[in-house]
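Working notes, structure below.
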Amino acid sequence: MIEHQAAPGWVAVENFLSDVVVHPDRALKRAVTTALEAGMPPIEVAPNAGKLLKLLVQLSGARRVLEIGTLAGFSTIWMAQGLPDGGRLVTCEYLPKHAQVARANVDNAGLGQKVEIRVGAALDTLHALEQEAAGPFDFVFIDADKENNPHYLDWAIRLGRRGTTVVMDNVVWEGAVLDPSMDTVNAPGIISALQMMGEDPRLDGTVIQTVGSKGWDGFALAVVR
Ligand code: SAH
Ligand code: DHB
Ligand code: MG
């Protein structure tokens, strides 16, 4: 056990790990700066989490990825970089401005052919994807409005198949999962989705807590049975 003196902070360690191990490329770094310049909130996944998404896409052998919540395309680019030739990613974004910035970032990363950005409320897009028989998706990343997390989890199963990987961001929310009064808008949806992940016989999951540049949070990882 290391003695605790003035330990370096979480963010400094994250930056070290990102520099030494993660190596986000220029297109990924540009996706972050263009978002800031456009006045968008800095709520993209941390680089180490983005790299994990890429590796999970590769490890799962996914060819079809579904993302709910695009922002400026940072997590989109990471996941698309994990796709094989001919792989496709559909990402859902409510705000046209976000979608526009993301489109430019995805194109700048050389991934324009692989990525389709659907503008509108994700629940509408998910219905449309079902109508179009766009699935089954092999990998689903849920990272939009937390109120709808239980619905998005259900859609991930409906548009997935046995063995589909599901990742859900922001499931600790600075501890609000234990005290929903901290955020009465978002916490209930996060909690309900976690309960669903634990109880729904169609899912087998776990949760990893995280700290770093995005504060105290976590992500859930599940497989569709
Ligand atoms: N996955 C991104 C971050 C997404 S932030 C990354 O890590 O890089 C959440 C995004 O979801 C925002 O861009 C927000 O506009 C979008 N969003 C919020 N509500 C939505 C909805 N109902 N349907 C689709 N997108 C939504
Ligand atoms: C918020 C959303 C996210 O997806 C995230 O990772 C962090 C914050 C937000 O809406 O505040
Ligand atoms: Mg998130």
Side-chain angles (χ1 to χ4, degrees), residues 14 22 24 27-36 38-54 56-57 65-82 89-106 108-109 111 115-129 139-153 155-156 166-177 182-190 193 207-221:
E14 180 184 304
V22 176
L28 283 159
K29 287 179 179 163
R30 190 171 154 75
V32 174
T33 55
T34 54
L36 285 175
M40 292 158 65
I43 56 174
E44 75 284 349
V45 295
N48 56 328
K51 181 74 173 279
L52 177 65
L53 289 169
K54 172 190 170 178
L56 288 171
V57 166
V65 173
L66 173 63
E67 177 177 61
I68 305 171
T70 316
L71 194 67
F74 184 71
S75 54
T76 314
I77 294 169
W78 273 117
M79 290 189 286
Q81 288 182 348
L89 186 155
V90 178
T91 183
C92 309
E93 174 53 52
Y94 182 67
L95 293 176
K97 182 183 129 177
H98 290 188
Q100 195 184 327
V101 173
R103 183 79 257 164
N105 285 328
V106 166
N108 176 250
L111 296 163
V115 176
E116 182 184 352
I117 303 173
R118 295 266 190 132
V119 181
L123 288 176
D124 294 338
T125 304
L126 294 164
H127 274 285
L129 289 170
F139 190 102
V140 183
F141 179 48
I142 300 170
D143 191 22
D145 51 321
K146 314 311 171 193
E147 291 170 83
N148 279 315
N149 271 358
H151 299 297
Y152 296 149
L153 195 49
W155 274 109
V166 183
V167 178
M168 179 179 282
D169 194 23
N170 309 115
V171 297
V172 172
W173 212 242
E174 303 284 345
V177 282
M182 287 169 63
D183 183 347
T184 56
V185 174
N186 297 295
I190 297 170
V207 175
I208 301 296
Q209 285 192 80
T210 55
V211 290
S213 61
K214 306 298 167 178
W216 175 27
D217 216 324
F219 62 90
L221 174 66

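Start at 1 and go down the list; that is how both ligands and their atoms are numbered.
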Shortest protein heavy-atom distance from atom 5 (S) of ligand 1, along with the residue and atom involved: Ile43 CD1, 3.6 Å
Which residues share a side chain to side chain contact (heavy atoms under 4.5 Å, CB included) with Pro41, sequence neighbours left out: Ile43, Leu71, His98
N/O donor-acceptor pair under 3.5 Å between Asp169 side chain and Asp143 backbone: no
Metal site the Mg ion (ligand 3), protein N/O/S atoms found under 2.8 Å: 3
Ligand-residue contact atoms, ligand 1 with Leu95, heavy atoms, under 4.0 Å: 15 (O)
Numbering as shown, the atoms of ligand 1 that approach Glu67 to under 4.0 Å (heavy-atom distance): 1 (N)
Within-cut-off N or O pair, Val45 and ligand 1, under 3.5 Å: yes
Min side-chain heavy-atom separation Trp173-Asp217 under 4.5 Å: yes
Ligand 1 N/O within reach of Ala122 N/O, cut-off under 3.5 Å: yes
Tyr94 neighbourhood, listing ligand 1 atoms whose heavy-atom distance to it stays under 4.0 Å: 20 (C), 21 (C), 23 (N), 24 (C), 25 (N), 26 (C)
Option set Glu44, Met79, Glu93, criterion heavy-atom distance to atom 13 (O) of ligand 1, minimum: Glu93
Side-chain heavy atoms of Trp78 within contact of Leu52, under 4.5 Å: no
Separation between NZ of Lys214 and CG of Asn48, rounded to the nearest 0.5 Å: 10.5 Å
Straight-line distance of Tyr152 OH to Asp145 CG, nearest 0.5 Å: 3.5 Å
Atoms in ligand 1 with a heavy atom of Ala121 nearer than 4.0 Å: 23 (N)
Spacing of Ile68 atom CD1 and Thr125 atom OG1 [to the nearest 0.5 Å]: 9.5 Å
Atom 19 (N) of ligand 1: the protein heavy-atom neighbour that sits closest, reported with distance to 0.1 Å: Asp145 OD1, 3.4 Å
Proximal ligand 1 atoms for His98, defined as those under 4.0 Å from one of its heavy atoms: 12 (C), 13 (O), 15 (O)
Residues which pass side-chain hydrogen bond (donor to acceptor under 3.5 Å, both in side chains) with Ser75, listed by chain and number, not counting sequence neighbours: Glu67
N/O separation below 3.5 Å, Gly69 to ligand 1: yes
Any Phe74 side-chain heavy atom under 4.5 Å of Asn105 side chain: no
Flag side-chain contact, heavy atom, 4.5 Å: Asp124 against Cys92: no
Partner of Val177 by side chain to side chain contact (heavy atoms under 4.5 Å, CB included), out of Asn170, Ile190, Asp183, Val171: Ile190
Any His151 side-chain heavy atom under 4.5 Å of Leu126 side chain: no
Contacting atoms of ligand 1, where contact means under 4.0 angstrom from a heavy atom of Gly120: 23 (N), 24 (C)
Protein heavy atom at shortest distance from atom 6 (C) of ligand 1: Ser75 OG, 3.0 Å
Side chain, backbone, both or neither: Thr70 near ligand 1, heavy atoms under 4.0 Å: backbone
Polar side-chain atom of Glu174 near backbone of Ala176 as donor-acceptor pair, under 3.5 Å: no
Test item: Leu53 and Phe139 side chains (from C-beta on) under 4.5 Å apart, heavy atoms: yes
Donor-acceptor pair, side chain of Glu14 and main chain of Ser213, under 3.5 angstrom: yes
Close approach, Met40 and ligand 1, non-hydrogen under 4.0 angstrom: no
Heteroatom proximity flag, Asn148 to ligand 1, N/O under 3.5 Å: no
Non-hydrogen atom of Tyr152 closer than 4.0 Å to ligand 1: yes
Contact residues of ligand 2, where a non-hydrogen atom lies under 4.0 Å away: Ile43, Asp143, Lys146, Asp169, Asn170, Trp173
Passing option when Thr76 is tested against Val90, Ile117, Thr91 for side chain to side chain contact (heavy atoms under 4.5 Å, CB included): Thr91
Where ligand 1 meets Leu71 - atom numbers and elements under 4.0 angstrom, heavy-atom basis: 2 (C), 3 (C), 4 (C), 5 (S), 13 (O)
Sub-4.0 Å heavy-atom contact, Ala31 with ligand 1: no
Min side-chain heavy-atom separation Val65-Phe141 under 4.5 Å: no
Short side-chain to backbone donor-acceptor contact, Lys97 and Ala38, under 3.5 Å: yes
Backbone N/O of Ala187 and side chain of Lys146: donor-acceptor pair under 3.5 Å: no
Distance-only N or O hit between ligand 1 and Asp143, under 3.5 Å: yes
